[in-house]
Amino acid sequence: MAIVDLVNAGEQQQMGSKRAAAEDGDGGVDDSREYYCRRGVRHLCDSGITRLPGNYVLPASDRPGQAAGAAAAAGGSVKLPVVDLSRLRVPSERGVVLRTLDAACREYGFFQVVNHGVGGEVVGGMLDVARRFFELPQPERERYMSADVRAPVRYGTSFNQVRDAVLCWRDFLKLACMPLAAVVESWPTSPADLREVASRYAEANQRVFMEVMEAALEALGVGGGGVMEDLAAGTQMMTVNCYPECPQPELTLGMPPHSDYGFLTLVLQDEVAGLQVMHAGEWLTVDPLPGSFVVNVGDHLEILSNGRYRSVLHRVKVNSRRLRVSVASFHSVAPERVVSPAPELIDDSHPRRYMDTDLATFLAYLASAAGNHKSFLHSRRLY
């Protein structure tokens, strides 16, 4: 089965039409697009720049605090609903937790998972090895640069450094995780413990995903046998993100507004805030909850739920004081599988709202349209 970087493919579509007015870059840095794409933002930060190069400057309407209301400009925050997996495993409490999960998916599209059973040494080790990877010398990181979305390992900057008109203040390492035994040998060999630490984390993350996904299907009232089998043989893409200190964070973003292609995304983040979700028309910053996973509904789960669960826009802000690291794991079915609204959720009162979709449909849309934000999901809606 081909390994496909669905996350990057979606990012290409969402960023392809962005344009920004050119501004002079810092005089001490080669102000060329090729330079930025080859070096990345960690290198720029280490070089000591004091002004944001023009290639990273967003149009005024897209800058943080400009596109939403007063809460975004004031730095409003949100404490996401909390799903406690230890209580989910207690038969007498399972129903209460399922109702919390159901409400979170309907109202926010986001929640935080605690007491998930993944040890502190596993999550802490993953964040630690992520930081150490981005501290490697530039030539060592550049060894893994690739424009091939089917590559099992890819290092890069922005979203798609080949096509992005406005670059994002992010460097990343993307690792295909399934089947783990077949791909791990292609992962970076530096730091020396990266393969061991990241594979242990990927396995634990997959277990949490399967438990949460099974609970979500139960909350929806959907028979999960076939879906769970497809997910067990599906895809997992792990994206390790680095957002260095930015000299002018008010002019750019680490990630622009987007939704995720897949069923669920599980995010491990350090103590530095930056993730923002769109809720009630405002951008709200997620308060990091130590040791938790931030989980969000993807486009595939919105389709399966026939619109009951929401795949919502989110973005990442950067700051001028502290580097931020996060690890996002994207979970879905195999590329050849078709995702459809669950039959149990369609009746006269709740007609079918989405067309079937698969990877071929998604890639065909990318090749034929230059939409942004959630336009692929919108394109699958029947009304």
Side-chain angles (χ1 to χ4, degrees), residues 7 80 82-90 97 101 110-136 144 152-153 155 171-216 228 231-232 234-243 260 262-275 286-296 322-332:
V7 180
L80 295 175
V82 174
V83 173
D84 187 336
L85 291 193
S86 67
R87 294 181 60 204
L88 185 69
R89 297 162 188 154
V90 178
V97 179
L101 172 62
F110 271 81
F111 54 94
Q112 298 200 73
V113 169
V114 300
N115 295 324
H116 40 65
V118 182
E121 72 283 358
V122 176
V123 297
M126 186 65 230
L127 289 172
D128 176 66
V129 80
R131 293 187 190 98
R132 287 187 284 118
F133 174 81
F134 290 107
E135 291 170 355
L136 292 172
Y144 301 98
V153 55
Y155 171 71
D171 290 343
F172 64 82
L173 174 68
K174 294 188 177 182
L175 303 172
C177 299
M178 293 179 68
L180 190 59
V183 296
V184 72
E185 291 302 315
S186 63
W187 289 3
T189 54
S190 295
D193 58 343
L194 184 145
R195 291 181 178 181
E196 176 186 356
V197 172
S199 60
R200 184 167 64 243
Y201 174 79
E203 290 178 323
N205 189 279
Q206 176 71 9
R207 289 194 297 271
V208 175
F209 161 70
M210 293 294 283
E211 183 172 7
V212 175
M213 191 66 214
E214 184 177 41
M228 294 304 295
L231 291 170
T235 60
Q236 179 186 4
M237 179 68 70
M238 184 161 64
T239 302
V240 186
N241 298 303
C242 176
Y243 305 97
D260 293 342
F263 274 84
L264 290 175
T265 303
L266 277 65
V267 178
L268 173 66
Q269 55 181 347
D270 62 16
E271 70 280 4
V272 181
L275 174 64
V286 174
D287 289 335
L289 187 60
S292 71
F293 291 120
V294 176
V295 181
N296 64 279
R322 298 182 66 186
L323 175 145
R324 179 175 180 267
V325 169
S326 69
V327 183
S329 296
F330 303 86
H331 300 265
S332 195

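In this text, all values refer to a predicted model and were calculated from it rather than measured experimentally.
For His116 (side chain) and Arg207 (main-chain N/O), no donor-acceptor pair under 3.5 Å exists by modelled atom type. No donor-acceptor pair under 3.5 Å is formed between the side chain of Gln206 and the backbone N or O of Gln236.
When all heavy atoms are compared, the tightest approach of Val97 to Arg87 is CG2-CB, 3.6 Å. Of all heavy-atom pairs spanning Leu323 and Cys242, the tightest one is CD1-SG, 3.7 Å. Contact record, Pro191 with Arg132: CB-NH1, 3.4 Å, taken as the closest heavy-atom pair. Of all non-hydrogen atoms in Ala130 and Val325, the two that sit nearest each other are CB-CG1, 3.8 Å.
If you take CG on Asp260 and OG1 on Thr239, they are separated by 9.5 Å, rounding to the nearest 0.5 Å. Atom CG of residue Asn241 and atom CZ of residue Phe134 lie 7.0 Å apart, to the nearest 0.5 angstrom. To the nearest 0.5 angstrom, Leu88 atom CG is 8.0 Å from Leu101 atom CG. Rounding to the nearest 0.5 angstrom, the gap separating the CG atom in Asp84 from the OG atom in Ser292 is 11.5 Å. Here the straight-line distance linking atom CZ of Arg324 with atom CD of Gln269 works out to 5.0 Å at 0.5 Å rounding. Distance check, rounded to the nearest 0.5 Å: CE of Met228 to CE of Met210 gives 3.5 Å.
Looking only at side-chain heavy atoms (C-beta outward), Pro288 and Asp270 stay at 4.5 Å or farther from each other. Residues Tyr243 and Val272 fail the side-chain proximity criterion, which asks for heavy atoms closer than 4.5 Å. Residues Pro188 and Leu173 meet the side-chain proximity criterion, which asks for heavy atoms closer than 4.5 Å. The shortest side-chain heavy-atom distance between Phe111 and Val212 falls under the 4.5 Å cut-off. Using a 4.5 Å heavy-atom threshold, the side chains of Met238 and Tyr201 count as touching. For the pair His331/Leu266, a side-chain contact is recorded, criterion being any heavy-atom separation below 4.5 Å from C-beta on.
Legend: residues meeting salt bridge (Lys or Arg N to Asp or Glu O under 4.0 Å) with Arg322, ordered by chain and number and at least two apart, are Glu271.
Between Arg200 and Glu196, at least one side-chain N (NZ, or NE/NH1/NH2) sits under 4.0 Å from a carboxylate O, which counts as a salt bridge.
Each of Val123, Val83, Val327 was checked for a side-chain contact (heavy atoms from CB on, under 4.5 Å) with Phe293, and the lone residue meeting it is Val123.
Sequence neighbours left out, the pairs with a member in residues 180-190 that pass side-chain hydrogen bond (donor to acceptor under 3.5 Å, both in side chains) are Glu140-Ser190, Glu185-Arg195.
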Could you give me the CA-CA distance, side-chain angles and deciding distance for Met178 and Thr235, then say whether side chain to side chain contact (heavy atoms under 4.5 Å, CB included) is met? CA-CA 6 Å; Met178 293 179 68; Thr235 60; 5.8 Å; no

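Within a 6.0 Å sphere centred on CD of Glu211, heavy atoms belonging to other residues, nucleotides or ligands number more than 12.
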